[in-house]
Student: 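Here you go, one structure.
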Amino acid sequence: MNSVSPKERIELLREQLHKHNYLYYVKTQPEINDFQFDILLQELEELEKRHPEFNDENSPTKRVGSDISTGFEQFEHAIPMLSLGNTYSEEELRDFDLRIKKSISEPIEYVCELKYDGVAISLSYENGKLVRALTRGDGVVGDEVTNNIRTIRSIPLQLFGKHYPSKFEIRGEVLMPVVEFKKMNEARLKGGESAFANPRNATAGTLKMQDPSIVARRPLDCYLYAAAIEENIFDTHYESLQACAEWGFRVPPYSKLVQSLEEVFEFIKHWAKHREELPFEIDGIVVKINSFKLQRILGFTAKTPRWAIAYKFKAEQVVSRLLSVDFQVGRTGAVTPVANLEPVQLAGTTVKRASLHNEEQINLHGLRLNDRVFVEKGGDIIPKIIGVDISGRDEDRPDITFITHCPECSTLLIKKDEEAAHYCPNTTGCPPQIKGRIEHFISRKAMNINAAEATIDQLFSAGLVYTPADLYDLSVDNLLILDRFAEKSSVNLVESIRESTKTPFPRVLYALGIRYVGETVAKNWHLILNLWMLFSKHRWKH
Ligand code: IVH
């Protein structure tokens, strides 16, 4: 039985949090959601508090995340862009209110706002003109993405009236409305490109593109939520936003001024129920003290303001029990661990299986058989295990260890350093890889041969088809001796295979299932060929 020391656990958590920060901010391809991230961060904060001897200035707890990437000029924010403290419970919101009331005796007015699920942006205006747009970056320095931001029509390039400060910053969230996001994803899939996981990833990826003309074609939008005006011209946050609306900014109409915590809870309940009706995604609500004077009195901690807090909605979750773990081998040989769970109702369906992604995820949760596990379903993604309840755990149960050999063909698995997945290298002898390649080959977007998965199984088991090329040797007579193949179905299949010989070249190239050759690359084969010829000519000259 393995027992992990606090030092080892701290190191593992730091490593994981650094990685997830990078995946989120730099690659814009997160593998875990905010809630899972916060759980890990909280555990690390707890452990670091209890073990100051393992202090590290570079720990993920010591900084706000960074989205700095290469290729953009960087500028310092006039006022640092901090993040908000998060809570997931009403109780913590009551604590927030109590803390404030301890230092302030006058009545408190709060502004309740939606927490837009997009990418933070800071816009600088000088003499009424947009001069610069910066991402949050590390909070102090951000990437300059002005040309991309200029493509967003709801952002004024020139302000109205005369009463705006000569120099100020306004902050908000760039996002992609859900309907447009879905349309864009459908078009991408049709064009053979990969779909974005959610509107926020699509937004983050788009903002970091080098070509503003592509950005202009993406349906970005922006909601502004805070004016960082140094001159002391407004008394309250609410008032400052109303003024911004008069200068031409689109200030969201969803904010509400309230005088009590009970009204804050009403706002939360309302939007928890009606969030699906909004044109964009939100991940919670934000509560801010309205008075700038009180905001100044309360000030900031190292990372967050004391006068505001974010209440985040939890994704729908249930508890189940881990019965066993299967290992599945895909077309590319990648091995994915899948948890078999005690059946449980979640978001309208019965969940019996959940993805465990890879070995790292199993180790991170320290899973054991029979553990009580938290299962979450976000949007249309397959359910996943996001945590484990170790209280009342049966300590005698063994840890789950990753298999060393392929469950299908017993070949020793390999793991490349830079990748999280294990692979079965037996590409030509491992049944799910062979069948997977044929299934890909005949798929609609590839050769469009009319055969079900079960048919491929049958052809493979009968020893008739090992590679896509074998399909073209099949005859009606070969098929007729197989179970469930009558004259008509045999003729149809052979006919469909014959018809596929007319498939245009780019689809044939895609059908071969070469790594990194998706539909788009395949469609642009001539460009790639030209590039390659240029490249070889160039090399030959030197
Ligand atoms: S106020 C000093 N208001 O949430 C902090 N932030 O951790 C000022 N966000 O990435 C932030 N909606 O971009 C504020 N109505 C709202 C917001 C909001 C979304 C984002 C913000 C930041 C994160 C805060």
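Numbering starts at 1 and runs along the sequence shown. Just so you know, ligand 1 is whichever comes first in the structure, and atom 1 is the first atom listed for that ligand.
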Student: Would you mind reporting whether Tyr125 and Ile170 have side-chain heavy atoms less than 4.5 Å apart?
Tutor: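 Sidechains of Tyr125 and Ile170: in contact.
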
Student: Could you tell me if Glu144 and Thr146 have a donor-acceptor pair between their side chains, going purely by distance under 3.5 Å?
Tutor: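 There is such a pair between these side chains.
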
Student: Aromatic contact between Tyr164 and Phe249, with the criterion being ring centroids under 6.0 Å apart: yes or no?
Tutor: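 Tyr164 vs Phe249: aromatic centres not under 6.0 Å.
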
Student: Mind listing the N or O contacts between ligand 1 and protein, cut-off under 3.5 Å?
Tutor:
residue, atom, partner, partner atom, Å
ligand 1, 3 (N), Lys288, NZ, 3.0
ligand 1, 4 (O), Lys115, NZ, 3.1
ligand 1, 7 (O), Leu84, N, 2.9
ligand 1, 12 (N), Tyr116, N, 3.1
ligand 1, 13 (O), Glu173, OE1, 2.4
ligand 1, 13 (O), Tyr225, OH, 2.6
ligand 1, 15 (N), Glu113, OE1, 2.8
ligand 1, 15 (N), Leu114, O, 3.0

Student: Name the residue from Phe267, Tyr116, Tyr225, Phe280 that meets the ring pair (Phe, Tyr, Trp, His ring centres under 6.0 Å) definition with Tyr254.
Tutor: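 The ring pair (Phe, Tyr, Trp, His ring centres under 6.0 Å) with Tyr254 is passed solely by Phe280 among Phe267, Tyr116, Tyr225, Phe280.
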
Student: Hey, mind stepping through Trp271 and Leu278 against side chain to side chain contact (heavy atoms under 4.5 Å, CB included) and telling me if it holds?
Tutor: CA-CA 9 Å; Trp271 286 112; Leu278 288 164; 3.5 Å; yes

Student: Step by step, would you call Glu266 with Lys256 a salt bridge (charged side-chain N to carboxylate O under 4.0 Å, His left out)?
Tutor: CA-CA 11 Å; Glu266 269 172 38; Lys256 194 169 179 208; 5.1 Å; no

